[in-house]
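Reading through the structure tokens given below for one structure.
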Amino acid sequence: MPELPEVEVTRRQIEGLLVGRRIARVLTTARSYFFLTDPRRLRRGLTGRCVTRLDRRGKYLVATLDDGKQLLLHLGMSGQLFAEGVTSPRLLSASARSALTPEKQAAFAPDRHTHLQLCFEDGGPSVLMRDVRKFGKVRLLEPGESEPRLDKLGVDALEATGEQLFRATRGRQIEIKGLLLDQSVIAGVGNIYADECLFRAGVRPTRRAKRVTRRECDELIRALRETLQRAIDSGGSSISDFVAPDGRDGGYQDERCVYARSGEPCPVCGTPIRKIVAAQRGTHFCPKCQR
DNA sequence: ATCTGTCCCTGGACGC
DNA sequence: TGCGTCCAGGGACAGA
């Protein structure tokens with residue numbers, strides 16, 4: 001599931017494929033839950049335009065167009081943004097995968113989950129957005145139009161401080177993991193990196209936020225930054241669906257300590273990693289190292 | 001204001 | 001082999 005590192009890796013790669021190229025044609029699937037802007041209006045609004053910059057806000061990508069409009073993209077949990085011509089088994093369903101031997105895997109061809117395709121005047125590779133579960137979002141913002149989803153975002157996870165986290169935890173009954181996942185407090189943290197940073201900071205995910213000390217908040221933020229930065233450097237986590245725009249897998253799944261490792265020994269003390277539900281999410285922790 | 005539960009969607013895992 | 005059932009998970013929203 002794309003979180004800050006995966007979105008940032010996507011941003012860095014897709015920026016070069018998007019910025020400065022004029023959109024000649026836009027293909028979409030039919031109107032659905034996925035489109036916050038009606039696909040017809042989206043196609044009309046994007047055709048002929050040029051992306052001038054691509055920013056990341058938490059887990060959102062914001063492409064600014066040359067007419068002042070902005071294209072808002074969210075990858076949800078199964079969203080993939082990539083260049084035409086790439087090949088990856090993660091872009092295929094299991095049945096399509098097994099039908100092809102590795103040598104025979106052709107470049108990706110748009111399927112029913114490919115909700116957006118931007119083709120460019122220069123005739124070079126198009127940019128595609130695919131999302132099997134449709135938890136992702138696309139919206140075209142008029143110049144100056146606000147978007148509550150963006151307005152609500154808290155401080156970006158890479159810029160958050162221990163002091164900010166500490167203030168946010170005061171008086172809160174919620175589990176600390178739930179607070180870390182709250183995008184209005186810290187933007188960009190999802191299930192994987194919440195579990196990883198709680199492990200690295202030695203804090204149990206179920207601890208009430210108000211019971212987390214100032215020192216632990218510093219430790220959590222330090223661990224969070226380290227984890228996110230390391231994940232960006234290794235290309236993100238490809239645990240289920242994530243592929244980078246160039247079709248390559250990330251590498252951070254091999255470095256994670258607890259996420260999706262229940263039953264495996266804790267890398268620090270050897271105690272089996274336990275899996276529970278916290279904040280309505282699968283949650284992995286070491287019962288000995290995390291208090 | 002804060003918190004909890006429900007819903008959106010689909011493929012994959014699992015049981016019979 | 002094949003079918004049915006359950007589950008994951010980001011985030012919006014309703015209701016307590």
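Residue numbering restarts at 1 for every chain, and letters A, B, ... go by the order of the sequence lines.
Protein atom CZ of F242(A) is 17 Å distant from nucleotide atom C1' of dG9(C), rounded to whole Å. Whole-Å rounding puts the L92(A) CG to dT10(B) C1' distance at 16 Å. Counting to the nearest Å, the P atom of dC7(C) and the CE atom of M77(A) are 15 Å from each other. Rounded to whole Å, the distance from CG on D182(A) to P on dT4(B) is 12 Å. Separating the CZ atom of R281(A) from the P atom of dG11(C) is a distance of 9 Å, rounded to the nearest angstrom. The CZ atom of R172(A) sits 8 Å away from the C1' atom of dC3(B) (whole-angstrom rounding). The distance from atom CD1 of I276(A) to atom P of dA8(C) is 13 Å, rounded to the nearest whole Å.
Using a cutoff of 4.0 Å between basic side-chain nitrogens and carboxylate oxygens, R57(A) and D55(A) are not scored as salt-bridged. By the 4.0 Å N-to-carboxylate-O rule, D156(A) lies close enough to R56(A) to be salt-bridged with it.
No hydrogens or angles were tested; on distance alone, nothing pairs the side chain of Y33(A) with the base of dC9(B) as donor and acceptor under 3.5 Å.
Here E3(A) lies out of heavy-atom contact (under 4.0 Å) with every strand.
A distance cut-off of 5.5 Å between ring centres, combined with a plane angle under 30°, places F135(A) in a stacking arrangement with the base of dC8(B).
At the phosphate of dT10(B), neither OP1 nor OP2 sits under 4.0 Å from any side-chain N or O atom of H113(A).
With hydrogens and angles disregarded, a donor-acceptor distance shorter than 3.5 Å links the side chain of E3(A) to the backbone of N191(A).
Note that K137(A) lies in the cation-pi zone of Y33(A), set by a 6.0 Å cut-off to the ring centre and a 45° limit from the axis.
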